[in-house]
Amino acid sequence: MELDDKVCYCFRVSRRKLLNFTRQTQPPRASQLSECFGAGTGCGWCIPYLIKIHRDVMSDGVLEAEDISPAEYERLRLDYQQQVAAGDLEKNRHDKNRGDALDCDLDDLL
């Protein structure tokens with residue numbers, strides 16, 4: 001994932017904006033990334049990515065490039081939205097078995 005790729009599609013928030021916001025404000029909780037143009041407050045798809053960005057920036061400042069293309073990210077988001085709409089998945093909950101990108105603890109937001 002490149003710096004100008006969207007992480008939050010609902011509010012069109014790029015990875016660059018989120019990284020800069022996190023570096024500048026040093027929020028103590030990942031949920032505070034929502035203050036960056038509302039990221040994570042729409043459909044909920046990007047919450048695991050927000051947690052990862054927060055964890056990476058706050059831990060040591062070393063960022064790993066996401067091993068996911070924008071097209072794949074968008075496809076996964078569409079799958080998530082369809083599962084939520086069908087009632088197969090609760091909003092803001094993610095399948096931890098999908099891979100490292102989504103492997104996070106959503107309790108970090110509470």
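Throughout, residue positions are numbered sequentially from 1 according to the sequence presented.
- Atom CE of Met58 and atom CD1 of Ile53 lie 13.5 Å apart (nearest 0.5 Å).
- Side-chain N or O atoms of Tyr80 include one that pairs as donor or acceptor with a backbone N or O of Cys43 at under 3.5 Å.
- Heavy-atom neighbours of Phe37 CZ from other residues, nucleotides or ligands within 6.0 Å: at or below the threshold of 12.
- Atom SG in Cys36 sits 4.5 Å away from atom CG in Leu18 (nearest 0.5 Å).
- For Gln82, the CD atom counts as densely surrounded, since its 6.0 Å shell holds more than 12 non-hydrogen atoms of other residues, nucleotides or ligands.
- Of all heavy-atom pairs between Asp56 and Ser59, the closest is O-OG, 3.2 Å.
- Asp4 contributes atom CG, which lies 9.0 Å from atom NZ of Lys17 (distance to the nearest 0.5 angstrom).
- Here Gln26 contributes atom CD and Arg23 contributes atom CZ; the two are 10.0 Å apart, rounded to the nearest 0.5 Å.
- Atoms OG1 and CG, from Thr22 and Leu33 in turn, are 4.0 Å apart once rounded to the nearest 0.5 Å.
- Taking CD of Gln83 as the start and CG of Leu78 as the end, the distance is 10.0 Å to the nearest 0.5 Å.
- Remark: Asp88 pairs with no residue by the salt bridge (charged side-chain N to carboxylate O under 4.0 Å, His left out) rule, at least two apart or across chains.
- Every residue two or more places apart in sequence or in another chain that forms a side chain to side chain contact (heavy atoms under 4.5 Å, CB included) with Glu72 is listed here: Ile68, Ser69, Arg75, Leu76.
- Within the 4.5 Å cutoff, the side chain of Pro27 has heavy atoms near those of the His54 side chain.
- The pair Arg15-Asp5 fails the salt-bridge criterion, with no side-chain N (NZ, NE, NH1 or NH2) lying under 4.0 Å from an Asp/Glu carboxylate O.
- Legend: residues meeting side chain to side chain contact (heavy atoms under 4.5 Å, CB included) with Tyr9, ordered by chain and number and at least two apart, are Lys6, Tyr73, Glu74, Arg77.
- Proximity of Phe21 to Glu35: side-chain heavy atoms (C-beta onward) are separated by under 4.5 Å at one or more points.
- Shortest non-hydrogen contact noted between Cys8 and Gly40 is SG-N, 3.8 Å.
- A heavy-atom distance below 4.5 Å is not found between the side chains of Val7 and Val13.
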